[in-house]
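Here's the structure, in structure tokens; my notes come after.
For this chain, numbers begin at 1 and follow the sequence in order. Since this is a predicted model, take the numbers as computed values, not measurements.
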Amino acid sequence: MAAAEIGAGDAEGDKSPASPAACVCKGRKGWTRLREQALRTKLAELETPSEAEAKSAAEPTNKILWPAFETVNWCSERIHDVDHLADRRNAYMPLLSSWILPALIGVLTASTGTFIEKASEMLHVFRYSYPSVSPEGEGFAVSWHPWSAPPDAAGPWQANSRGFLAYAAVGVLLATISAFLVKVFAPTARGSGIPEVKTILGGFVMKDVLSLRTLIVKVLGLMLSVSSGLALGKEGPTVHIACCWANVCSQWFDRYSANEGRRRELLSVASAAGVSVAFGAPVGGVLFSYEEVSTMFPRSTMIRAFFAAVVAALTLAWYDPLGTGKLTLFDVQYNQRPSWAEYPLFLLMGCVGGWVGALFVHLNMKVSAARAEGTPFRQMVPVTVEVALLALLTAITSFPLDYTRTLSSLAIHTIFHSCTHPLDNVDPMTLCNGEEDSLDPSLVATLLVAATIKFVQVTLTFGTGVPCGLFVPALYVGACLGRALGIVAAWANGFLGFAPAIHPGFYAMVGAASVLGGVCRVTISLVVIMFELTGGLYLIVPFMIAVLAAKWIGDQYNNSIYDCVISLRGYPYLHEPNDVTYSARACDIMQENLHCLPVQPGSASLVLRDAAQATFAGFPVVRSEEDMSFVGYVPAHKLRKFVEEQLNSGACLEDTPVSFLPGANAGVLDASTLVDTSSLIVVPDTPAAQVHAIFRQLGVKVIFVKRQGKLAGIITKKSFLHFLEHGHDSVHQPSSRSSLTVNSPSMVANSYLACYEAIDPTSRGSRNSNPLLATPKLSSPKGFHIPRQRSSFFYSGIQSRGNSLETMRTGAVNNLRASRVLAVTAVRSGDPAPRPRGKSEVSPLSSISWPAEIQKRVRMSRWDRGLVLVLIGALTGLTSCLLVHDPRWIHKSIYGEAESEWRLFSVSVLAALGAATVASRSGCTGSGLPEVKTILGGFVMDDVLSFGTLLSRLMGLALAQASQLFLDAQGAVVHVAACWADLASRCGSKSMGNEANRRELISAACAAGVSVAFGAPLGGVLWSYEQMSSKFTQQTLIMAFLASIFAKLVVEAHVSGIQPVFHAMKLEGAAATHLPGTLSFVAFALLGVMGGLLGAAFVCGNLWVSRQRTQRGWHIGWKSTALVAAVASVNFFVARHSLLLEINEGMALQALFTNCQDASDLLAFCQDGAVVWSADLARSLFISGLLSWFAMTITYDTGIPGGYFFPALLVGACCGRGSGLLAEWVNSYCELGATIRPGLFAMVGAAATLAGVCRVHISLVVVMFELTGALQLVVPFMVAIMIANWTGGAFTCSIDDCHIRLRGYPHLHGSDLVFKSRACDIMDEELMCLTCEPARVSQLLDLVRETTYGGFPLIRSSETRTLFGYVPTEVLRRHLEGLPSRVLAQNPLASFDRESAKGSGGRVLDFSPLVDPTVIQIVPQTRLEQVHQIFLELGLKLVLVCSFGELVGMITKKTFVNYLEDGDIGFMKKDPIVEGTKEVPASKDLETSLLHS
């Protein structure tokens, strides 16, 4: 039977049809007759279009048939990248290209954006005036004359008929040219391009979307369409342009040109650079790429996106297209915090923005569907005519009003600005009455009319045949609505007096953010973008409230505009799971009729013919037709290319047999290297939610389903997308459902829903030029068809395994001994000794399985979730007020009126001893961040977040604050917030008790803790994502958003004013009106190096102290007390060295950050309002920094509770201000003429040192941005923080990660590890298993009570090791203990095999529901790169390793972490194969080498 006999499966999802009518015929003759009949039917269908096809040809073709799109397998691409690096081990270019390309993309995107800005401004001038050339002296002079005046007259432009005709005619001409260019040269350049970029980053291939032709047409078309006056923006297309540059540049480097996965990472980086250029918002660009555009966004991609955004911002600042010398697009002057009475109005504005956004999405989709290709409208009106009519309509409706005549950033800036702070480049129009905001009722009507006009215009324009975005129109509509609401609120405030002052510009900015949020449904990235656009320091919380409200309201009606466009155009895109409970399982959506190849498929000619004529992407490889044990997967195009190369080179003949087993004999073509080992295997009962997570988070393109060790079906990414399109129901839709109507017969073979019957490949032999493909016989003995699941799948036994690549650890497997209940492997005397593990032992902590927890969790209602988050935020804010913002009560209650030095010393030491004593009772010292990270990583540490720990932590922190040690309470507040979250989850409803829900609350609490520690709610959310959480979904992002908002509001309500250190930073930010000079940037880079070195030195020194403390027994008994007393004494005398170290850290930082704007100066850094420049002062600062570093190093985690945030800032600030004084000396000596601000140097040095300690990137930049409020300082912070991370990362890991390893906590890091080893190298072979044979309940009960294992693999019997699943110990124990006493007294039999239990007539209990369906199976040769991704992205606690359907080993998360660790704390172990200490074995000798490794 030929291998091209087809069922309804696609092994890879690119072209996978599903059979509309699959029958099962027993016997080869019956199947042959069926095949021939299907062949004749299929040929007739291909030659004569069916009635459905004829009907579909007449229907509109607006929806692209996305099944024809190719899918990218991220796992395979990642493995190929590792192989590429290993092959070029001594070449640095592949690694350098990962930094050269982001920099190049940033420069090119900024240059292109500047060109578009300048060119569109120049073309826009033609709408109002025309040039004339006149001779002047020896040259010519160009003068501009308004169209509204006669040729010989002079004067300003006027809104008359002449001016209108020119205004409309030029606009129509420019728009028509743009539409013509797009239609003729690059149709993929239309629209914003963000839906296409999202689809590509989702793992699909869209040709020509990112080509050089598209890039050129996009740039020219965008320049013309923007200058034509259409209601559109250039921000979205700028992202598309950046991605086009990324795709073009990637062709210059082999690492990216040949790797789809790496190229998509580069596209994510380019998206960040595009937003950075479009808005001048580098931080918002990174967040927009993460939140809205990218599907896979690992930490390494975020760092490179960070770098590209910095380069793009620096290049844009150098070009200065706006001519302001600033990056801020809408610079505003609002220095007053909104009153509490205004927050309900901000919430109302957010709701209005959500409704407006949802209405726009709905209407625009109606318009887009009505004018799609093939519709009556499109047949009557060509695209160019439509664009011309839209341009004319826009000109007619926009011309009468000054507010609508020009849609630009300047018009939006006018609506945003404050009349009390007039700007030179802003025309107040009728918004101002002198220096006061106008409250004229007619102005409200004008603004509402302007908003309505632009709303209608953008609704008709977006999605038409020109490059167009919607950010600027959406901002304009929201700004008009918000300003109108602000005027009404100001008018009402004049009567009611509910606020000291109402600024309508406030409401304009909040309204702009809310409407844009209602359209795009983005949250934190939009808040950061608006913050960077406006520089509104006091608008962060109003922005957050409005954006959240807009998203919630809009989500009630429809999806975001980009998701709706993706759906309308038929693009394949897998969204993140929403609050939907899947009731379907893998068996309900899998394709059961498969086309497979055995491990020995026949001759090379037959294999080549089958591979070339396959209408699907690949073949599942099984042992044989009789034994459906899964081996792997072979892509069809790779198989064809391989065989053709072997035949052309003469390495084999046409009749040479092919084998997919390694170590083939002479005369056999070895194709084992083609077998894809990245295949993931699930069981039929695996929930659809986990299938969704695998496709979304791992990026695989196909999942294989095995039932009782045999291949039962596959689930492709496209088939799962089709399942989602038909709703989240649990009704099984068999593979025989009706096929999708396509537009032409040629599309049938490309659609995975098309008819996929058995076609004789020889019938299409004439279409192939290769004579080997035209074999007329159907005698291939090795191709076969898998029918629907029948009894034939249940084989009586498993044949001998044979020699193959999957036969790993043969000795251990063959020695598997099992009784009815238990099977334990034993190592034979002849087997090699077990591999030595690292120095660290496997942690005794238990782990959780995220998929299992998600499967059984009860969804929290929105009200319950919101109430709990409000409670967590409020409690965290109150705790911060008690310990951080107002610690005076602590000092007063302990020190009283003490003035004697010795009395102060005694009280300080006693307070430190008391803090250590309290902390020792809870067993949680230091900051608590390592423990919280471990819990969020999926491990259980109940005592760390208990109520007793919470009380001990609060008391210990109060005493530690009183002891005046070089520790702070800010870092420890994060642990306190996590304790509050855990307490709230345990005291709440049943849904909150789920481990997955609890960890989501803890992640939100971490955001609230950082929010109150720094007063930075946005930075808190990002800190939780970047530094703390392992699983951070979009839902977790919203929860963290809400918790940080309420924590910030509570602190603002209870603390008058702001902390002195934050006040000094805000003053410095207000003074920064331009980017620093070149000398300052060089100094900032050096400060980054210094901060990285200080951070790495602190980590190394503190780890050495901690090791010595543990090894010498200084952590228990009297030695611990003596150590704490000694540390407190050292801290006391170090603090007496200078007043800078003696005073409170906040006051010291205030003095270091000041640039003498404030009259209060405690440390004589200023004199008569000027900065003091002194070499002695610089030397004193460096000494103070080194002393504080020494005190922090010996104090942190020595048994005293406290954090390192502010001590690290103090160290960096001392060294930074000292460096600023040195930079001024260099500046004056070399006469460079630069402006040096020591306060800015102190802030940059503080940020760099904290980054060197804890290794955070974008979250720390956002924290510093929120504290200063100056966009001009974002780039210096980004430069210093990136360099500090690079420098510190070259020596050690972060302080929290190092303490995690030092304490033996299991935590899986997301580092860029390089693996070449395989699962068989580290899997556990000594397994304790359960069998499916009936056993007594008493035996099972004794087993679960005595065992220390977390679960048992389930195999068929002691003789056949066919894997059935995995049974968690805790689930089995609860079920057994929950049986009625009468059942336990009878001691019946129980079986985990459903069929055995049903066939017993009730005499055997059915325990099959206890089998965990979420466990994933892999093959022994699966690379550790993929195992790492499985544990990291899916949150599984273990994976089972199977060979030919039989269990051969298991890898748990803890053993995998233990494999990564070595004895040197602070370093990740390198893979021995990559390091060269272990030679990569040849494939034919792989089995032998593995057995003796």
Side-chain angles (χ1 to χ4, degrees), residues 627 629-630 681 683-685 706-710 712 793-801 809-827 1323-1376 1379 1387-1415 1417 1438-1450 1452:
D627 186 354
S629 299
F630 179 71
I681 306 167
V683 296
D685 289 332
K706 284 172 41 175
R707 179 185 287 113
Q708 299 179 3
K710 309 298 181 181
F793 269 91
F794 298 94
Y795 296 94
S796 58
I798 299 179
Q799 300 177 1
S800 60
R801 299 154 56 85
R809 313 292 183 176
T810 309
V813 175
N814 289 338
N815 216 28
L816 193 65
R817 298 288 181 261
S819 63
R820 283 186 170 183
V821 178
L822 192 61
V824 184
T825 64
V827 180
M1323 65 183 183
D1324 295 324
E1325 302 157 326
E1326 299 182 2
L1327 305 177
M1328 180 175 289
C1329 306
L1330 290 174
T1331 68
C1332 289
E1333 298 177 354
R1336 293 293 176 183
V1337 170
S1338 59
Q1339 289 180 282
L1340 294 175
L1341 193 57
D1342 293 339
L1343 174 66
V1344 297
R1345 288 174 176 174
E1346 297 174 0
T1347 187
T1348 59
Y1349 294 98
F1352 307 95
L1354 181 66
I1355 60 177
R1356 179 185 292 274
S1357 65
S1358 58
E1359 292 77 19
T1360 57
R1361 296 167 297 278
T1362 303
L1363 180 66
F1364 272 56
Y1366 180 82
V1367 181
T1369 302
E1370 185 63 22
V1371 174
L1372 181 58
R1373 183 188 61 80
R1374 286 201 304 264
H1375 184 76
L1376 290 171
L1379 292 175
N1387 194 20
L1389 292 172
S1391 175
F1392 295 95
D1393 186 4
R1394 184 182 295 110
E1395 300 299 330
S1396 300
K1398 288 183 178 180
S1400 65
R1403 294 188 299 273
V1404 178
L1405 300 180
D1406 183 11
F1407 277 15
S1408 61
L1410 304 182
V1411 179
D1412 185 5
T1414 63
V1415 176
Q1417 304 171 34
L1438 60 92
V1439 291
L1440 298 175
V1441 186
C1442 299
S1443 175
F1444 288 118
E1446 297 187 8
L1447 178 67
V1448 297
M1450 179 173 65
T1452 66

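- Residues that satisfy the salt bridge (Lys or Arg N to Asp or Glu O under 4.0 Å) test with Arg1374, not counting sequence neighbours, are Glu1370.
- Between Asp627 and Lys710 there is a salt bridge, with a side-chain nitrogen of the basic residue lying less than 4.0 Å from a carboxylate oxygen of the acidic one.
- Side-chain contact between Val1404 and Asp1406: absent, with no pair of heavy atoms (C-beta onward) separated by less than 4.5 Å.
- Although no hydrogens or angles enter the test, the distance criterion places no donor-acceptor pair under 3.5 Å between the side chain of Asp1324 and the main chain of Glu1326.
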**Message:** side-chain contact (heavy atoms from CB on, under 4.5 Å) for Leu1341 and Leu1343? Distances and angles first, verdict last.
**Reply:** CA-CA 5 Å; Leu1341 193 57; Leu1343 174 66; over 6 Å; no
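- Considering every non-hydrogen atom in both Gly1351 and Tyr1366, the closest pair reads CA-OH, 2.9 Å.
- Nearest heavy atom pair, residue Gly1365 against residue Val1411, reads CA-CG1, 3.9 Å.
- Not a single side chain to side chain donor-acceptor pair (under 3.5 Å) links Asp1342 to another residue, sequence neighbours left out.
- Residues Leu1376 and Val1337 are in side-chain contact: their nearest non-hydrogen atoms beyond the backbone lie under 4.5 Å apart.
- Put simply, the side chain of Arg1356 never gets that close to the backbone of Arg1361: no donor and acceptor are under 3.5 Å apart.
- With rounding to the nearest 0.5 Å, the separation of CD1 in Ile1355 from CD in Gln708 is 13.5 Å.
- In this structure, Cys1332 and Leu1354 have side chains that are in contact, with non-hydrogen atoms separated by less than 4.5 Å.
- No donor-acceptor pair under 3.5 Å is formed between the side chain of Tyr1349 and the backbone N or O of Met1328.
- The shortest side-chain heavy-atom distance between Phe1392 and Leu1372 falls under the 4.5 Å cut-off.
- Screening Val683, Leu1447, Val1439, Val1441 for a side chain to side chain contact (heavy atoms under 4.5 Å, CB included) involving Gln1417 leaves a single residue, Val683.
- Annotation: side chain of Leu1389 is not in contact with side chain of Leu1405 (no heavy-atom distance under 4.5 Å).
- Checked by atom type and distance alone, the side chain of Glu1446 never pairs as donor or acceptor with a backbone atom of Ser1443 at under 3.5 Å.
- Phe1364 is not listed as a side-chain neighbour of Leu1330, based on a closest heavy-atom distance of 4.5 Å or more.
- Annotation: side chain of Met1450 is not in contact with side chain of Met1323 (no heavy-atom distance under 4.5 Å).
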**Request:** Begin with the C-alpha distance, continue with both residues' side-chain angles, and end with the deciding distance and a verdict on side-chain contact (heavy atoms from CB on, under 4.5 Å) for Cys1442 and Lys706.
**Result:** CA-CA 11 Å; Cys1442 299; Lys706 284 172 41 175; 4.0 Å; yes
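- Counting heavy atoms from C-beta outward, Thr1369 and Thr1347 have side chains that approach closer than 4.5 Å.
- In this view, Ser1391 satisfies the side chain to side chain donor-acceptor pair (under 3.5 Å) rule with no residue, not counting sequence neighbours.
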